[in-house]
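Take a look at the structure set out below.
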Amino acid sequence: MAEMVKLFIDGKEVEVEKNSTILDAAKKAGSYIPTLCYHPDLSPTGACGVCVVEIEGSPTPKRSCCTPVSQGMKVTTNSKSLREIRKTIVQLLLSDHDVTCPTCSANEKCELQSLANYLGVDTNGLPAILERKPLDETSVSIVRDPNKCILCGRCVTVCSELQTVSAITIAERGFEAVVDTFFSQGLGNSSCVNCGQCTVFCPTGALSERSEIDMVWDALLDPDKVVVVQEAPSIRATLGEEFGMEVGTVTVGKMYAALRRLGFDVVFDTNFAADLTIMEEANELVERVKSGGPLPLITSCSPGWIKFMETFFPDLAKYVSTCKSPQQMFGTLSKTYFAEEAGIDPSKIVSVSIMPCTAKKFEARRPEMRDSGFQDVDYVLTTREFVRMLKSAGLDLKELPDERPDELMGMYTGAATIFGATGGVMEAAVRTAYWMITGKELENLDVTAVRGMAGIKEAELDINGLKVKVAVAHGLGNARELLTKVRKQIEETGKSEYAFIEIMACPGGCVGGGGQPKGSTFAMRARRGEGLYAEDKSLPLRRSHENPAIKRIYEKFLKKPGSGVSHKLLHTFYYKRCDLSGCTIESVTEKHANHH
Amino acid sequence: MTVPRMHVLLPFDPDTLLSGVKEFEKALLDELKKNNLEEEIKVLETGSIGVTGRGILMVVYPEGVYYANLKIADIPRLVGEHFVKGRPVKDLLLGEVPARFVKREKVGLVREQKRVVLENAGMIDPENIDEYIAVGGYEALEKVLSSMTPEEVIEEVKKSGLRGRGGAGFPTGLKWEFTRKAEGTEKYIICNADEGEPGTFKDRLIMEGDPHKLLEGMIIAGYAIGAQKGYIYVRGEYELSIRRMQKAIDDAYKYNILGKNVLGTNFTFDMEIKKGAGAYVCGEETALIESLEGKRGQPRNKPPYPVTHGLWMKPTSVNNVETLANVPSIIKNSADWYRSIGTEKCPGTKVFTILGHVVYPGLIEVEMGTTLRDIIFNYGGGIKDGKKFKGALVGGAAGVFLPEKFLDVKMDFDSLKEYKAVLGSGAILVMNEDTCMVDMLFSIIRFFKHESCGQCSPCRIGTYELYSLINKVRAGEAKESDLETMINLSEIMFKSSFCPLGQSLVMPVKSAIENFREEFVAHLDKNYQCEKCRR
Amino acid sequence: MKLEDLRKIREKAERELKLREGKARVKIVVGMGTSGIAAGAREVLKAFLDEIEKRNLQDVMVTQSGEKGLSSHEPVAEVWEEGKPVVVYGNLTPEIARKVIADHIVNGNPVTEYVIEVREA
Amino acid sequence: MTREEVLNKYGKSKDNLLYILHDIQDSNPRHYLTEEDLKEVAKWLELPYSYVHGVATFYSMFSLKPRGKYIIRVCESPTCHLMGASNIIIELVKSLGVGIGETTKDEIFTLELTSCIGVCGVAPAMMINSEVYGNLTSEKIAQIIDEKRRESK
């Protein structure tokens, strides 16, 4: 039992654990304290000062987000003076802010905007002192606008603590302080892995995805183009939120309808490619187990993770599955398989994906991702961009009917749907690998040990008597921890205890992706994941190898998993990007990572 | 009490001292005693009477006659003739009565001071450990190591009433006790030598002039709190201080005053210098700790305090240079001795820097409770070039602008509070009648704008807003409401800034505008001419 | 080194400090704090040394001290002579330093216009 | 000292970062830190590049731009301001022909401002590299600049 502390919040007695903050206690007491830089999933920085409260005996107010409670403390959360402080702070922030709310990508999602509104702040109070700084547009995934930055520090905390990427830092000081990359070289030239968590956590429009909305509109409105669209598994679990539905609502039929209303010519589903990925990856796992190939096999569908691996763990590259991600498998096939089947000149096909992810924008533009003879995926829209397009087209998701995808590359199983949640790829792969190894169907399909929000999850599976240890990590900080352990095991004993590892760059997996709605909390990510598991459960087919469209593509086009065609179109290789991080494993890398 | 029949003034100045006035005085007093006149004739030492080259001088009241070129041999005659019989000794009289004879104390920086922390600064060779030892150095350490428990050291320091000289005035003994009692065995003592407060250089004087005194204070502190290691965080600009401290540390290691088994005892203590790189905010103890750990010097939230979660999150006592330099004398001479200096609530001495438009800018160490007037006019020699006093910025850049009517304030932690002022670093910047207070406030705001770390919004943006507002005032573009905005903003910054830096501006902003309001209002007029604001 | 050794060093050092290391008749102590140096103490020190060498004064030694706080009088130097009060000079320049050697050290006449203090040794 | 020598002088402990940056900068005749410097320091201490950048830009004594042989840093704190620092700055700007933060074309001088350097009793004051100059006047400045210019040839 944790030690408890009693204190008074606005006269009301509450009891909380000893290491709680005043903010925690206030929540428990039902007192609302406005916050801005504070985020429930990050360690507090105390930067903004909006959450100040009065404590009896303290000469000045204290920040409730980072001040621990103490026995008998008497706290006042609202007073004339506190309101004055909070208003002035917001006023100060606005005086140094590019106040272009109507056209800002964060409009209506901006926490500064809603706080200003809540407090009734007069923007004319102080001279405008914004000194305009240039935008960072070096990244294909993320745009940084320092003029909208309030220096809350969330992005830096996310990047360094949650993701351990440390592409950004607070540089300079005082009024010149700015979120910056190494030597101001821009995100695109940094160790940034494009995960986009910073854009999700950013309370304002200072960090956003690099928008491809205009290009997609141009393609949609071009009569010569056939615009093919795919949507990642997790989109169906987050789209509804942006239209007022409860978090975790799965809205797949309405999603297809919405895409058709926007003018997409062919509406497929990334889930199809997810099932395909399972076929290829499970086959790779089985092959490696049988042939004594490098184990553990590590999943490769998260492009943020892939760049992270290339930057910080290139020595582990040979363990990573050579399978392209579902997006890229789909992209290649949209300009080969689909083009052939539909009899369309692939040069006229525009392949668009709706992704929960900013790293997918980078992945689509990797130079090697042109196996169709063209850039396999032309445009990548995040969930947020997709929502903006729907809103600008006047579409309200709630009012749309449920429709079905086009079949050729639109049919999917429950195994594909759970790709969107942490542990899902592992679970889906196990369902198929079991069948591949044993020739029998796995009875209990729910591998619950790898589900949920625990940072690193482990399980020991029994495949017909064969004991296999697997691990799942989501969020790159967790991935780093797990992989450091794996690296050490391999260095010391020549092998790892794990046979199979799933890694997702984003906490919660794709439902918590960097392209998902701003303001996502870990709690929300968990509920979205549950939505996907519920869909899986409700579907008639829950194993990738049962998908008729998958059976068809192997029959007609790919022959069999791991075939020559598969390898040409569906598999890839990795780079070494040590120069971006200074990772000091050069010697290890030379030994292991050069097989590509 | 008998009222003396006669007053005898003996001027003490370079000339008379060289002529042996001290010995003369002694002989005179003896002679008076011999004649049972010591009650009737009062001998007083005075400063210069403006007469040079005439040897030992003497002025006798009530007659007001002047003697010159006196010798000890003349004393019996003087006493017998003048003091007993009332007949001045003609051949010893000074021919003329000096024109500018003013009865006064010695004026200037050479005036009598009470030197405790600076007793050796400027007196011994700071690079020679033996000289320090010769003047009683490391006696306190010897006493501590041979006869005191850590608890007894803490008790003695608590009893002495020593308070932190970095500005906040927190009881030092208490801080040590918290650190000693904090959980964990790995503990640190950090000396805050990041002296960046504008107008302050007391810590530099100690480090450059008497580095071993600081070292001794730190070792004692380390012993008291149970630390194995001490760090001195010196600002990067203080090259000479760093060099002299390093030399002192090296020498102390050679004598085994530092290192394993200090002076053959069970106590082991190491010391290292860390060098800052130009950031005023690192004077704040948690920012200093961050910087010492190799990070950006951004303050941490308090609580938890460094005494429980300091360097590497271990219990740490951070003490100012001047504070630590007081420790050897306290240990050597006892807490009671220390309490006999200064005021009841603020015992000891305080180092002040007297700067700006005074005749003698410099640094003095006097008892706590000395008046501002005394410091400015007697030690500082008053205002230079016959100008009038206008105001003084007391306590450093984060201090208060005090007008003339506050001159009699006693300079100690508590008395200043009554005037809503602070002792701060002990810097006193004196301004004459020609000074523009708007321009001075501008300089202070610019300083804080430059030194804000940028971590928290109230300070980062607030300092910049104040900067643009004071610039408006300077340019004659401000309205009276802008003055209110400045005061309000500085108050909000005081209440909501993350660390003392952002809280600092409220004092100078409020005191400047409130105590010199007319001048600020005058600047609002577009046609107002101000040379300092260059308009 | 042990606690007892410290005492021994103290006794020895005290003697040495009093005797000016036994050799010198006069000791000149130049204030070499930052303020002093900023005001030109280095040049003053050089002038003292140079003048002493030129005149081959064997019994005059020059040492340094830190800063005493006499900013407005910097550069500052003290003249210590056996059995006499210490004479403190202020606002020194190399020229005055040379004059101090010539008038005060050699001929025993302090350069009074630059004396800022006379105190007991 | 070369960069490698500096790195080897200090342990791989993060708290040596400021010392290392100081020493590397001091051993560069142009008194600054290069991109390569920061990368090598980061690798040595196993810190992210961005972290080292964040630290280097926080402290006013570090520069990421090449500077002159002599860095003149004029104190602009209240005491020096009161005692006429503005005129000193104007004088220097005039005689060097550069603005604040700039380096002369001949790469001899860089003019910077600094907070209090702790010699307020001899204000106005400035530093040239690590030397401190007090009681400044126009004449004195002209003399010092001339001298430095001669020395640099």
Side-chain angles (χ1 to χ4, degrees), chain B residues 109 195-205 231 235-241 274-282 291-298 311-312 353-357 360-363 393 396-397 427 429-431 435 439-440 442-444 446-447 450-451 453-454 508 532 534, chain D residues 10-23 25-26 33 41 45 47 50-63 73 75-87 90 112-125 127 129-132 134-135:
Chain B
L109 300 167
E195 180 172 65
E197 189 61 45
T200 311
F201 48 95
K202 62 191 179 68
D203 299 344
R204 179 173 67 68
L205 242 72
Y231 288 96
R235 62 188 304 221
E237 291 89 341
Y238 278 7
E239 290 249 348
L240 188 60
S241 297
K274 288 283 178 185
K275 185 173 165 186
Y280 168 78
V281 71
C282 291
S291 179
L292 206 155
E293 289 180 3
K295 302 178 191 161
R296 292 165 62 81
Q298 296 185 167
L311 185 64
W312 318 117
T353 42
I354 320 165
L355 306 162
H357 298 139
Y360 304 112
L363 176 148
L393 175 66
L429 180 55
V430 179
M431 291 157 275
T435 311
D439 180 53
M440 284 311 291
F442 156 79
S443 163
I444 284 168
R446 180 181 60 183
F447 169 75
H450 183 253
E451 294 299 341
C453 82
K532 296 284 162 27
R534 299 190 193 278
Chain D
Y10 295 99
K12 287 193 173 220
S13 174
K14 194 167 102 171
D15 60 314
N16 288 326
L17 178 56
L18 264 59
Y19 260 128
I20 293 175
L21 295 179
H22 267 301
D23 280 8
Q25 177 168 284
D26 289 348
L33 295 161
V41 171
L45 297 177
L47 292 168
S50 65
Y51 178 98
V52 177
H53 175 82
V55 171
T57 55
F58 183 83
Y59 297 96
S60 62
M61 289 178 84
F62 299 133
S63 173
R73 309 201 297 157
C75 174
E76 60 159 355
S77 288
T79 307
C80 283
H81 184 74
L82 181 69
M83 303 311 281
S86 316
N87 294 329
I90 291 169
E112 291 182 1
L113 300 180
T114 176
S115 296
C116 185
I117 46 179
V119 291
C120 326
V122 292
M127 287 175 89
N129 295 349
S130 60
E131 271 175 89
V132 180
N135 297 327

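Keep in mind that this is a model prediction, so the values were computed, not measured. Convention: sequence-line order gives letters A, B, ...; per-chain numbering from 1.
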Which atoms of Tyr280(B) approach chain D - backbone, side chain, both or neither, heavy atom under 4.5 Å: neither
Best-contacting candidate, Ser77(D), Ala56(D), Ser13(D), against chain B by heavy atom pairs under 4.5 angstrom: Ser77(D)
Top contributor to chain B interface from Ala85(D), Cys120(D), Gly121(D), Cys75(D) [non-hydrogen pairs under 4.5 Å]: Cys120(D)
Partner chain D: residue of Glu293(B), Arg235(B), Arg446(B) with the largest heavy-atom pair count (under 4.5 Å): Arg446(B)
Side-chain heavy atoms of Glu131(D) within contact of Glu239(B), under 4.5 Å: no
Derivation and outcome, side chain to side chain contact (heavy atoms under 4.5 Å, CB included), residues Arg296(B) and Thr57(D): CA-CA 9 Å; Arg296(B) 292 165 62 81; Thr57(D) 55; 4.2 Å; yes
Residue, of Ser60(D), Gly118(D), Gly54(D), Cys80(D), that accumulates the most heavy atom pairs under 4.5 Å with chain B: Gly118(D)
Chain D interface, residue from Phe201(B), Phe442(B), Phe447(B) that has the most non-hydrogen pairs under 4.5 Å: Phe201(B)
Close side-chain approach of Arg534(B) to Ser86(D), heavy-atom, < 4.5 Å: yes
Smallest separation among heavy atoms of Asp15(D) and Leu292(B), with atom names: CB-O, 3.1 Å
Portion of Asp203(B) that has a non-hydrogen atom of chain D nearer than 4.5 angstrom: neither
Region of Val119(D) in contact with chain B, defined by heavy-atom distances below 4.5 Å: both
Contacts of Glu197(B) that satisfy salt bridge (charged side-chain N to carboxylate O under 4.0 Å, His left out) - sequence neighbours left out: none
Part of Lys532(B) within contact of chain D (heavy atom distance under 4.5 Å): neither
Tyr360(B), part contacting chain D, at a heavy-atom distance under 4.5 Å: neither
Heavy-atom pair count under 4.5 Å with chain B, highest-scoring of Lys14(D), Met83(D), His22(D): His22(D)
Largest heavy-atom contact set with chain D, pairs under 4.5 Å, which of Asp439(B), Leu240(B), Thr200(B), Thr435(B): Asp439(B)
Gap separating the CZ atom of Arg204(B) from the CD1 atom of Ile117(D), nearest 0.5 angstrom: 9.5 Å
Top contributor to chain B contacts, counting heavy-atom pairs under 4.5 Å, from Leu17(D), Val55(D), Leu82(D): Leu82(D)
Cys453(B), part contacting chain D, at a heavy-atom distance under 4.5 Å: both
Distance-minimising heavy-atom pair for Gly199(B) and Cys116(D): N-SG, 3.5 Å
Side chain proximity check, Val132(D) to Glu237(B), heavy atoms < 4.5 angstrom: no
Residue, of Lys274(B), Met440(B), Glu195(B), that accumulates the most heavy atom pairs under 4.5 Å with chain D: Lys274(B)
Val281(B), part contacting chain D, at a heavy-atom distance under 4.5 Å: side chain
ring-ring contact (aromatic ring centres under 6.0 Å, His included) partners of Tyr51(D), counting only residues at least two apart: none
Region of Leu18(D) in contact with chain B, defined by heavy-atom distances below 4.5 Å: side chain
Candidate pair Tyr59(D) and Ser291(B), rule side chain to side chain contact (heavy atoms under 4.5 Å, CB included), full reasoning: CA-CA 10 Å; Tyr59(D) 297 96; Ser291(B) 179; 2.8 Å; yes
Interchain contact, Leu429(B) with chain D, by part (heavy-atom threshold 4.5 Å): side chain
Rounded distance [0.5 Å steps], OG in Ser115(D) versus NE2 in His450(B): 5.5 Å
Name of the residue among Leu355(B), Thr353(B), Leu393(B) meeting side chain to side chain contact (heavy atoms under 4.5 Å, CB included) with Thr79(D): Leu355(B)
